[in-house]
Amino acid sequence: MEIRLAGITKVFSPEIVALEDIFLTVEKGEFVYLIGTTGSGKTTLLRLITREIVPTRGQISVGNRNLRKIRSSELPYYRRNLGVVFQDFKLLNDLTVFENVAFVIEAMGVPPRIVQTRVNEVIDLVGLWRRRFLKPMQLSGGERQRVAIARAMANSPSIFLADEPTGNLDLHTSEEIIRLLLSINAAGTTVVVATHDQYLVDAYRQRVVELHDGRLKRDEKRGRYVIDGEL
Amino acid sequence: MGSFRYIFRDTLRLITRHWGLSILTLLTTVTVLFLLGLSSLFALNLRHMVSRVEGELVVQAYLKGGSDATALAKRIRSVSYVRDVRVISPEEALDRLRAKLGNQARAVTLLGENPLPWGLEIQVEKASFVSMLVRDLVALPSVEEVVYSGQLADKLSRISVLATRVSAVIMLLGAVISSLVIFNTIRIALYSRSEEIRVMLLVGATRTYIAFPFVLQGLFLGTIGAAVANGVLAAGYAYAVNVLKLTLPFVVLLRNTPFLIKFHLILLGTGMTLGWMCSWFAVSRFISGANRPE
Ligand SMILES: Nc1ncnc2c1ncn2[C@@H]1O[C@H](COP(=O)(O)OP(=O)(O)OP(=O)(O)O)[C@@H](O)[C@H]1O
Ligand SMILES: [Mg+2]
């Protein structure tokens with residue numbers, strides 16, 4: 001599914017304009033780095049896509065859905081197309097690794113046997129097989145990040161959104177995670193990664209979208225630069 | 001079908017994970033429903049006693065000589081608020097008079113021919129009907145005189161109205177308080193899991209799927225609360241009936257079993273309905289709030 005933002009502005013309060021006049025299209029199957037200094041609006045942009053927030057001005061559509069007009073009864077079904085790694089993970093501390101991943105697809109009404117198979121598969125993929133019965137508090141930071149990734153992958157989403165999935169990780173682990181995201185992308189999933197990590201952006205070259213103070217500063221695609229929104 | 005298994009599992013988790021809170025709520029629900037039941041039973045018994053006394057309230061009508069007592073009794077019996085009409089023949093009236101006079105009964109014999117008239121004893125359903133009945137009786141040509149205790153009838157009908165109102169107020173208050181208690185518990189449960197609810201909404205769980213375990217939890221609390229309250233009430237009531245029979249024999253409690261069973265079923269139904277509705281209300285408000293975009 002493709003993501004289209006046209007003239008998006010998000011104003012939280014008169015003094016806080018988190019995004020201003022953003023035009024951005026992410027094609028189906030693309031891999032995009034979303035970079036920018038802290039407070040530049042990366043998380044805000046991702047939260048617009050998950051429809052946690054609605055834009056103050058402008059149009060946003062994902063696939064053929066206009067997110068401004070989506071009904072609240074449709075929202076769960078829309079969100080099942082997305083896999084999201086939140087900046088703060090949002091893991092449930094009462095549940096084990098297995099349960100944290102499982103409840104996403106359980107909520108879709110998938111039968112227990114299929115849940116079992118699928119959850120084991122993604123947990124194995126992120127390398128947490130031996131940790132699957134531990135709770136988030138018993139895991140290291142990198143392990144928690146990988147649980148969040150496994151959870152976002154579990155429903156085989158068409159769009160994968162990751163907010164700082166390598167924050168606070170050492171280089172080796174960060175690279176592992178980026179390779180994991182690239183493999184998800186290789187399977188046909190659209191991937192948007194918000195990151196601060198300039199090294200990774202340079203090492204694993206993909207399209208780069210840079211935000212600065214809520215404005216689109218740079219959109220680098222296959223060597224071409226777009227500055228301040230002009231082509 | 002998978003969903004139902006998950007929903008029941010999550011309900012069980014909700015109840016057991018915060019079992020301290022669950023038990024506290026259960027105790028509160030039991031207490032409130034117990035008080036609700038107790039006040040209802042009290043009010044019902046008060047009304048029962050008033051109506052018993054009312055039932056014993058008798059209007060006596062003495063007929064003019066030569067009128068047909070049986071025909072008149074039949075006519076009066078067909079009036080809707082009349083419970084019973086008894087014809088008192090002059091002979092019966094005389095027997096009663098003798099019994100009343102005791103060892104002076106001889107005096108009666110001195111009267112010679114029986115001078116007493118035919119009479120009717122009329123019982124009404126409620127004290128408030130007495131004055132109406134008396135008015136109608138006085139208007140009848142064959143009625144000579146009507147005897148009744150007007151003050152007692154007035155008082156009883158006032159007590160009866162008051163008892164009905166008081167019991168209605170008590171039941172309403174009890175229902176409101178139990179609703180608030182259950183509503184609040186579910187709200188606490190919701191807040192303690194607000195993060196989980198937000199995450200579930202974000203990953204595409206439907207409102208119904210999220211709400212169901214909480215609603216079931218509320219239903220569970222209401223049902224168990226009412227069941228325990230019923231048990232305590234039934235045991236306490238049986239005890240009270242026995243004790244009162246020995247100590248205050250003139251206070252007669254309701255002992256109509258089908259009626260009491262109905263009472264317990266209504267209390268159970270009230271608990272279940274309150275549990276279900278309060279939690280449903282709390283959950284849908286909470287989810288709407290969590291789901292509202294900024
Ligand atoms: N709910 C909100 N209410 C008010 N202001 C907000 C809200 N969310 C974000 N902002 C503001 O919008 C701006 C952009 O925030 P955002 O979280 O998108 O930044 P970011 O690029 O993700 O930063 P970081 O790299 O530190 O995660 C910030 O100045 C922030 O304070
Ligand atoms: Mg951010």
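Numbers restart at 1 for each chain; the letters A, B, ... are given by sequence-line order, proteins then strands. Being a predicted model, the structure only gives us computed values, none of them experimental.
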Considering only heavy atoms, which portion of A:Arg113 lies under 4.5 Å from any heavy atom of chain B: side chain, backbone, both, or neither?
neither
Starting at OG of A:Ser72, measure out to CZ of B:Arg207 and round the result to the nearest 0.5 Å.
6.5 Å
So, do B:Arg9 and A:Glu106 sit near enough that their side-chain heavy atoms are less than 4.5 Å apart?
yes
By a 4.5 Å heavy-atom criterion (distance strictly below it), what part of A:Phe12 contacts chain B: side chain, backbone, both, or neither?
side chain
Counting heavy-atom pairs under 4.5 Å with chain B, which one of A:Asn155, A:Asp94, A:Leu95, A:Val84 comes out on top?
A:Asp94
When rounded to the nearest 0.5 Å, the distance separating CD of B:Glu196 from CG of A:Asn100 is 9.0 Å
Would A:Phe103 and B:Val199 count as a side chain to side chain contact (heavy atoms under 4.5 Å, CB included) if you check the C-alpha gap in whole Å, the side-chain angles of each, and the deciding distance to 0.1 Å?
CA-CA 10 Å; A:Phe103 86 85; B:Val199 177; 3.8 Å; yes
Honestly, the part of A:Ile114 sitting under 4.5 Å from a heavy atom of chain B is neither
Under a 4.5 Å heavy-atom cut-off, does chain A meet the side chain of B:Arg198, its backbone, both or neither?
neither
For A:Glu99, which atoms come within 4.5 Å of any heavy atom of chain B: side chain, backbone, both, or neither?
side chain
I'd like to know which of B:Leu202, B:Ile210, B:Thr206 tops the heavy-atom pair count under 4.5 Å against chain A.
B:Leu202
Between B:Tyr6 and A:Pro112, is there a side-chain heavy-atom distance shorter than 4.5 Å?
yes
Interface moiety of A:Leu82 toward chain B, non-hydrogen atoms closer than 4.5 Å:
neither
Can you say whether B:Leu201 sits under 4.5 Å from chain A via the side chain, the backbone, both, or neither, judging by heavy atoms?
both
Option in A:Arg47, A:Met108, A:Glu52 with maximal non-hydrogen atom pairs under 4.5 Å from chain B:
A:Glu52
Any idea which heavy atoms bring A:Arg79 and B:Asn291 closest together, and the distance?
NH1-OD1, 3.8 Å
Nearest heavy-atom neighbours spanning B:Ala205 and A:Arg80
CA-NH2, 4.4 Å
